[in-house]
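Note: hydrogens, waters and symmetry copies are ignored here, and every other heavy atom, side chains too, is used. Quick caveat: nothing in here was measured; it's all calculated off a predicted structure.
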2 protein chains.
Amino acid sequence: MPKKPSRIQQRNRKKILDAGLDVFSAHGYRGATLDMIADAAGLSKPNILYYFNGKEDIHVTLLSQLMETWLDPLRALDPQGDPLEELLAYVRRKVDMAREYPRESRLFANEIVQGAPRMGPHLEADLKPLFDEKCAQIRAWMEAGLLAQVDPQHLIFSIWATTQHYADFEAQIRVLRTQDDFDGAAAYLETMFRSLLSPPAKD
Amino acid sequence: MPKKPSRIQQRNRKKILDAGLDVFSAHGYRGATLDMIADAAGLSKPNILYYFNGKEDIHVTLLSQLMETWLDPLRALDPQGDPLEELLAYVRRKVDMAREYPRESRLFANEIVQGAPRMGPHLEADLKPLFDEKCAQIRAWMEAGLLAQVDPQHLIFSIWATTQHYADFEAQIRVLRTQDDFDGAAAYLETMFRSLLSPPAKD
DNA sequence: CTTGTTTTTTACCATTTGGTAAAGCAACCC
DNA sequence: GGGTTGCTTTACCAAATGGTAAAAAACAAG
């Protein structure tokens, strides 16, 4: 039976996870070392292994936590709301996440680019059902004439791609743009998806 | 003075680079080992170090080569052509590259996600001038009323994001879609960018 | 203040990994 | 066929890295 963690345990586990997020998102799983994480956390390496069973344990803990919050914006897509506004709000939430949580986005990107070796089951179990459900919802909206007809799956892919791009490819964007400009991105993406999705005037 | 490489040198360097592309794109720089590359190339590790100065040498050689072909589709954007059709053709070329060269796309993605530690100068020197030039071109088209007015920089970002997504996040897409479907992606992206960019009817 | 428990440190270890030295083998040149 | 050059293998090495054992320190409860 697991006893409740003490104050100090909570604090140190959090420090380690935050340090792990820094290091894993910046260097990938193999590029990260326990020493880096220990340094970033301000703890010794063996001390870290007192709180976690190993490097992989830290990583999968981070990925699991990530999965939770990562799906929230999509979950919040409301079947009762106005379809176009719901989808644009979804885009906005995703831009906000890329701005607020770029490390999480890159952690995820690192994992997926390399074939999701530690996350495949999570995708299948958590992401896929939600994805299918929301695709069906969008398709229903489209068939009711409330949105322009496009492939819902590709629609969602394009929302993910465009929004996460600003976090995942920040190094490239920093070279090409003079100013960081998430607001410009949000405005551009709203224009793009509005023009794509606005229902055909048909009365 | 560098003497011309022999048949056998050309062949083995090519084998090593191809193996390196496999391994680096699948595991990232730190996740790749010389042993993996040696195995994939069918050569011994010291033999590989006879042809390259080290792991990093293989990696930067790949990145340099990549930069060449990677910019071609954007270079081919023709100032003389029809603006809308030129941009849609650019999207198509990028989709084709994601389909034909997913390893290259992931190699690039790995490098950028981790902050472009070995590629920053290349981006600055090769990508930025071309990017600026083409943005100016697109802006000129827009001001001439030949395209809808949107931020050209974000436009290009969204083209990159949506097309490369199919290669970089293939592991995720494979989970969510039943069939690999680059053609569906191409059709969807054409619809999306056409609706975004079609010039306002104003005669 | 003493005792039992939790946390941290010190000192290691085995494996992996990038890389080297040098010998052996092959190929070409005369 | 002998020698020079180019290619490959064998046998290593030093550093880095994930992880462990056990002592020491800090802490909590009585």
Rounded to whole Å, please give me the gap between [atom1] in [X] and [atom2] in [N].
X	N	atom1	atom2	result
A/R30	D/dA16	CZ	P	16 Å
B/M36	C/dT17	CE	P	7 Å
A/N12	C/dT6	CG	P	15 Å
B/R13	D/dT8	CZ	C1'	17 Å
B/K45	C/dA21	NZ	C1'	14 Å
A/H59	D/dG18	NE2	P	13 Å
B/L43	D/dT8	CG	P	7 Å
A/H27	D/dG18	NE2	P	13 Å

Residues A/Y29 and B/H27: side-chain donor-acceptor under 3.5 angstrom: no
Taking the side chain of [X] as heavy atoms from C-beta outward, which of [options] is closest to it?
X	options	value
A/P46	C/dA11, D/dT9, D/dT8	C/dA11
B/K55	C/dT10, D/dT10, C/dG18	C/dG18
B/T33	C/dT8, D/dG18, C/dT17	C/dT17
A/L34	C/dT9, C/dG18, D/dG19	D/dG19
B/N47	C/dA11, C/dT8, D/dT9	D/dT9
A/Y50	C/dT7, C/dG18, D/dT8	C/dT7
B/L49	D/dG6, C/dT6, C/dG19	C/dG19

With sugar-phosphate meaning primed atoms plus P, OP1 and OP2, does B/A32 contact a base, only sugar-phosphate, or nothing at under 4.0 Å between heavy atoms? sugar-phosphate
Is it true that B/Y166 and A/H154 have ring centroids separated by less than 6.0 Å?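 Here the rings of A/H154 and B/Y166 have centres that are less than 6.0 Å from each other.
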Should [X] be listed as having a side-chain N or O under 4.0 Å from OP1 or OP2 of [N]?
X	N	answer
A/Y51	C/dT8	yes
A/S44	C/dT8	no
A/Q9	C/dT6	no

Once you round to the nearest 0.5 Å, how far does CG of A/D35 lie from NZ of A/K45? 4.0 Å
Heavy-atom closest pair, residues A/R106 and A/A167: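 Heavy atoms of A/R106 and A/A167 come nearest at NH1-O, 2.7 Å.
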Begin from the C-alpha positions of B/W160 and B/F131 and carry the test ring pair (Phe, Tyr, Trp, His ring centres under 6.0 Å) through to its verdict. CA-CA 12 Å; B/W160 289 346; B/F131 178 78; 5.8 Å; yes
